[in-house]
Amino acid sequence: DRGLQIIHLYKHTSYILDKLDGLPSEEVNDLAITQHDIWMATPKGLVQYPKNEIQTSSTPPLVYLKSIEVNGREDLPLGQLAYNQNNIDIHFQGLDFQSQGNEVYHYKLDGLDSSWQTTSHQQLRYQGLPPGKYTFKVKVKGANSPLFSQIQSVVFTIHQAWWKTVWFYISLTLSLI
């Protein structure tokens, strides 16, 4: 019950008609489409909407990284992390004033994910990440825009525990000789 989503198959765009467009209710019970108008039956009345007033955004939304927490702390510098600094919370936000909070985020953690994932949430939690080099990437698509934002990314490395490194095993072997 979020209004009526209109999809233009040939233009590859979509638009959501809701209360801000004049619908008295975001629940649409029935629909009729004529040559020039869209008629919608809602629990609060019948609405006529001219087809030529439906517009999609040609401006891509923006996305930015709000904060990154390491083991629940924001004050730790991201970049080179110890083996036990492997719980990462990433907060991000899309800015698309026409979407009214209906943005769809696509994200990927290179080094862990093999493909892009989708969410409507603005926070991701990675717990118990193994040692390795990671690049977190996020982009957003607004509800009324066919375009994605530019990708925002952050790179960090979680180092191996010192007792699991090659140098530790070499020095242990040499000390036993």
Side-chain angles (χ1 to χ4, degrees), residues 1-8 11-20 26 56-176:
D1 295 340
R2 298 186 90 172
L4 177 68
Q5 183 171 13
I6 299 171
I7 300 171
H8 297 280
K11 295 180 183 178
H12 302 287
T13 60
S14 67
Y15 184 79
I16 296 175
L17 291 174
D18 57 17
K19 286 184 177 183
L20 293 176
E26 291 188 349
T56 57
S57 174
S58 61
T59 304
L62 302 172
V63 67
Y64 71 96
L65 298 171
K66 287 173 58 175
S67 66
I68 299 172
E69 298 175 15
V70 178
N71 291 350
R73 294 180 51 192
E74 282 189 52
D75 58 341
L76 294 176
L78 195 65
Q80 303 296 317
L81 302 173
Y83 71 94
N84 59 353
Q85 295 175 319
N86 60 350
N87 298 310
I88 311 292
D89 290 315
I90 302 173
H91 304 262
F92 45 87
Q93 184 170 1
L95 295 177
D96 183 31
F97 299 110
Q98 292 185 349
S99 291
Q100 306 153 11
N102 295 321
E103 297 89 2
V104 176
Y105 298 93
H106 296 257
Y107 67 93
K108 183 179 179 185
L109 184 60
D110 286 339
L112 184 70
D113 298 326
S114 59
S115 61
W116 287 88
Q117 309 295 318
T118 304
T119 186
S120 59
H121 300 289
Q122 296 177 338
Q123 175 183 349
L124 293 172
R125 174 170 287 160
Y126 294 98
Q127 291 185 313
L129 287 172
K133 183 175 181 178
Y134 298 97
T135 303
F136 175 76
K137 300 175 183 178
V138 64
K139 59 185 177 179
V140 65
K141 183 178 176 300
N144 298 325
S145 174
L147 307 171
F148 278 101
S149 67
Q150 291 187 347
I151 295 172
Q152 292 293 323
S153 64
V154 63
V155 177
F156 61 95
T157 300
I158 299 175
H159 292 285
Q160 189 73 262
W162 63 270
W163 62 87
K164 292 184 178 181
T165 63
V166 172
W167 292 110
F168 175 75
Y169 288 116
I170 290 172
S171 55
L172 182 65
T173 303
L174 291 174
S175 67
L176 295 174

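Just so it is clear, the model here is predicted, and its values are computed rather than measured.
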So which atom in N87 and which in Q127 form the shortest heavy-atom distance, rounded to 0.1 Å?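 In this case the closest contact between N87 and Q127 is OD1-CA, 3.2 Å.
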Closest non-hydrogen atom pair, S153 against T135: CB-CG2, 4.2 Å
Can you establish whether the number of heavy atoms outside Q150 located under 6.0 Å from its atom CD is more than 12?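 Check fails, neighbour count at 12 or below.
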Qualifying residues under side chain to side chain contact (heavy atoms under 4.5 Å, CB included), relative to [X], sequence neighbours excluded:
X: Q152; value: V63, L65, V138
X: H159; value: Q80, T157
X: S114; value: none
X: S115; value: Q117

Results of ring-ring contact (aromatic ring centres under 6.0 Å, His included) for F92 - residues two or more places apart only: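 With neighbours one apart ignored, the set is Y105.
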Results of salt bridge (charged side-chain N to carboxylate O under 4.0 Å, His left out) for D110 - residues two or more places apart only: K108, K137
Assess whether side-chain contact (heavy atoms from CB on, under 4.5 Å) is satisfied between Y64 and V140, documenting all intermediate values. CA-CA 10 Å; Y64 71 96; V140 65; over 6 Å; no
I'd like to know whether V155 forms a side-chain contact (heavy atoms from CB on, under 4.5 Å) with F136, so could you lay out the CA-CA distance, the side-chain angles of the two residues, the decisive distance to 0.1 Å, and finally the verdict. CA-CA 6 Å; V155 177; F136 175 76; over 6 Å; no
Measure the spacing between [atom1] of [X] and [atom2] of [Y] and express it to the nearest 0.5 Å.
X: I90; Y: Y126; atom1: CD1; atom2: OH; result: 6.0 Å
X: Q123; Y: S67; atom1: CD; atom2: OG; result: 8.0 Å
X: E74; Y: E69; atom1: CD; atom2: CD; result: 5.0 Å
X: L129; Y: L81; atom1: CG; atom2: CG; result: 9.5 Å
X: H91; Y: H121; atom1: NE2; atom2: NE2; result: 13.5 Å

Taking side chain to side chain donor-acceptor pair (under 3.5 Å) as the definition, give me every residue that meets it alongside [X], ordered by chain and number, with sequence neighbours left out.
X: Y83; value: none
X: Y134; value: none
X: Q160; value: none

Once salt bridge (charged side-chain N to carboxylate O under 4.0 Å, His left out) is applied, what residue pairs with a partner in residues 113-135 remain, sequence neighbours excluded? D89-R125
V154 and I68: side-chain contact (heavy atoms from CB on, under 4.5 Å), yes or no, with the steps? CA-CA 10 Å; V154 63; I68 299 172; 3.9 Å; yes
